Asker: 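Take a look at the following structure, please.
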Amino acid sequence: MLNQRLLILFISLLFIPFSYSQNMIDSKPLEVIKPLEKPAYLKAGDTIAIVAPAGILKNQEPIEQAVKMVESWGLNVVLGKHLFGSNFHFSGTENERIEDFQSALDAKNIKAIWCGRGGYGTVRIIDDLDFTEFKKHPKWIIGYSDITVLHSHIHTLGFETLHAMMPMNMKVEEKDRIKTVKTFKKALFGKEINYKITGSNYNKIGEAKGQLVGGNLAILQSLLGSVSSINTNQKILFIEEIGEYLYSIDRMVYALKRSGYFEECSGLIIGDISNIKENSTPFGQTFEEIILEATKEYHFPILFGFPAGHEDTNKAIFLGREIEMKVGKQHSTVKFSD
């Protein structure tokens, strides 16, 4: 009888470590997300550099208008040596674009780098940029669209960036860009930015907190598997896009899904999805339906119609900053932490 009891006790003890370890696996304690470092906000007398890391700038007038605008705010402006360069699709050769951006990164007197336009090409120079001095003296990197390459890469380094208008947006009629310029200026000088957004029947109601990450959908998808790809765990993902077919949007959303972007995501903000191309065969879903179907098994809130992206109104947002979002059918709010 004693030997039988000892045997039962021994067998029980064997299962204790397994049960404990299995519980530890199932619980998956949440990773502590550290706040990203925030570059200093600008003040009168500071210098901002305008460079072109991607597409060619064929029209100089918007740049001249942008310079006058920020100078009226008390800022000084330095133009990249090769800002108006030309190398087929690009604003200069790779070496020229690297030289301009690296010079702006390294110059201690430059407090912000404003990308003249997006287009395509930043990915071709990102691995040749040295962020050593930037880490010592961080500065705001500003832009959107193709500049998502820089936003994502710098996020992995632990710094906030500013997703906002670029000088080429000065082509938009003044009456249509007033809101865009207002939010850009407020963000640049460290004023509070919070947004109340018109509701959408597609919205998935709920509340969430987390660092805001993301940018252009096609660029995010192109960065998957690289050192510049972002981690979305416990974060709120923002996406915008322009000029794609619905099947292409579907493909990119599922690429993000298969890469785990939505697994531990806290929320999703959909910016402008503009100028959708017509396919010869109807796809059968709207872009909103594509996103809702791809994320149907997840419980995070989804906000549609945030006014940021390639439309005339392109409101500034801090990427890497913690936000609180409340999503409803009538309206939604996005509040940035200090």
Side-chain angles (χ1 to χ4, degrees), residues 34 36-37 39 48-57 78-108 110-164 166 168 211-233 235 237-241 252 255-256 258-261 319-320:
K34 296 180 181 178
L36 271 62
E37 188 169 343
I48 183 170
I50 300 179
V51 298
I56 186 173
L57 291 164
V78 172
L79 300 182
K81 179 180 176 182
H82 306 287
L83 179 63
F84 299 114
S86 173
N87 183 43
F88 298 100
H89 174 90
F90 307 105
S91 65
T93 65
E94 251 99 274
N95 286 338
E96 288 171 340
R97 288 180 285 130
I98 290 167
E99 179 186 344
D100 277 8
F101 208 93
Q102 191 66 58
S103 295
L105 281 175
D106 293 344
K108 292 184 177 63
I110 291 175
K111 305 302 181 184
I113 303 175
W114 196 12
C115 297
R117 64 158 295 184
Y120 168 72
T122 309
V123 72
R124 297 177 64 143
I125 68 171
I126 188 66
D127 293 325
D128 292 305
L129 294 174
D130 183 349
F131 288 89
T132 302
E133 290 301 317
F134 171 85
K135 292 176 185 177
K136 296 176 185 175
H137 307 283
K139 57 196 68 181
W140 291 106
I141 308 299
I142 309 161
Y144 67 101
S145 192
D146 192 65
I147 309 308
T148 298
V149 175
L150 288 160
H151 291 308
S152 295
H153 191 83
I154 291 170
H155 180 83
T156 69
L157 301 179
F159 298 88
E160 292 185 10
T161 56
L162 183 54
H163 185 283
M166 295 184 284
M168 288 306 290
Q211 286 178 5
L212 184 63
V213 297
N216 180 263
L217 176 60
I219 301 300
L220 292 172
Q221 190 251 348
S222 74
L223 295 175
L224 293 175
S226 75
V227 296
S228 304
S229 186
I230 52 177
N231 181 341
T232 58
N233 288 358
K235 298 172 186 177
L237 178 64
F238 163 78
I239 58 173
E240 60 84 23
E241 191 49 84
M252 292 186 287
L256 296 188
R258 296 185 70 232
S259 297
Y261 259 50
L319 294 179

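Every value quoted in this text rests on a predicted model; they were computed, and no experiment measured them. Below, all heavy atoms of this structure are taken into account, side chains as well, without hydrogens, waters or symmetry copies.
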Asker: Ile125 vs Asp128, test: side chain to side chain contact (heavy atoms under 4.5 Å, CB included). Steps then yes/no.
Answerer: CA-CA 5 Å; Ile125 68 171; Asp128 292 305; 5.5 Å; no

Asker: Under 3.5 Å, is there a donor on one side chain and an acceptor on the other for Thr132 and Asp130?
Answerer: yes

Asker: Drop me the distance from Leu223's CG to Leu256's CG, to the nearest 0.5 angstrom.
Answerer: 10.0 Å

Asker: Distance check, rounded to the nearest 0.5 Å: Arg97 atom CZ versus Thr122 atom OG1?
Answerer: 7.5 Å

Asker: So do Ile142 and Met166 actually touch side chain to side chain, heavy atoms under 4.5 Å?
Answerer: no

Asker: Hey, what's the ring geometry for Phe238 with His163, parallel, tilted or perpendicular (30° and 60° as the breaks)?
Answerer: perpendicular

Asker: Check each of Ile239, Asn216, Leu217 against Met252 using the side chain to side chain contact (heavy atoms under 4.5 Å, CB included) test, and report the only one that passes.
Answerer: Leu217

Asker: Working to the nearest 0.5 angstrom, can you tell me the gap between Thr232 OG1 and Leu237 CG?
Answerer: 6.5 Å

Asker: Tell me, do Leu36 and Leu319 make a side-chain contact under 4.5 Å, heavy atoms counted?
Answerer: no

Asker: Any chance you could measure Asn95, atom CG, to His82, atom NE2, to the nearest 0.5 Å?
Answerer: 9.0 Å

Asker: Nearest 0.5 Å, what's the CZ-CD1 distance between Phe90 and Ile56?
Answerer: 10.5 Å

Asker: Determine, step by step, whether Cys115 and Leu150 satisfy the side chain to side chain contact (heavy atoms under 4.5 Å, CB included) criterion, reporting the C-alpha distance in whole Å, the side-chain angles of both residues, the deciding distance to 0.1 Å, and the verdict.
Answerer: CA-CA 10 Å; Cys115 297; Leu150 288 160; 4.2 Å; yes

Asker: Within this structure, what is the CD-NZ distance for the pair Gln211 and Lys34, rounded to the nearest 0.5 Å?
Answerer: 12.0 Å

Asker: Measure from the ring center of Phe159 to the ring center of Phe134 and say whether it is less than 6.0 Å.
Answerer: yes

Asker: Between Val213 and His155, is there a side-chain heavy-atom distance shorter than 4.5 Å?
Answerer: yes

Asker: Please determine whether side chain to side chain contact (heavy atoms under 4.5 Å, CB included) holds for the pair Ile147 and Thr161, giving the CA-CA distance in whole Å, both sets of side-chain angles, and the decisive distance to 0.1 Å.
Answerer: CA-CA 10 Å; Ile147 309 308; Thr161 56; over 6 Å; no

Asker: Is there a side-chain contact between Val227 and His153 (heavy atoms, below 4.5 Å)?
Answerer: yes

Asker: Start with the C-alpha gap between Asp100 and Ser103, add the side-chain angles, then the distance that decides, and say whether side chain to side chain contact (heavy atoms under 4.5 Å, CB included) holds.
Answerer: CA-CA 5 Å; Asp100 277 8; Ser103 295; 5.8 Å; no

Asker: Do the side chains of Tyr120 and Val149 get nearer than 4.5 Å, heavy atoms only?
Answerer: no

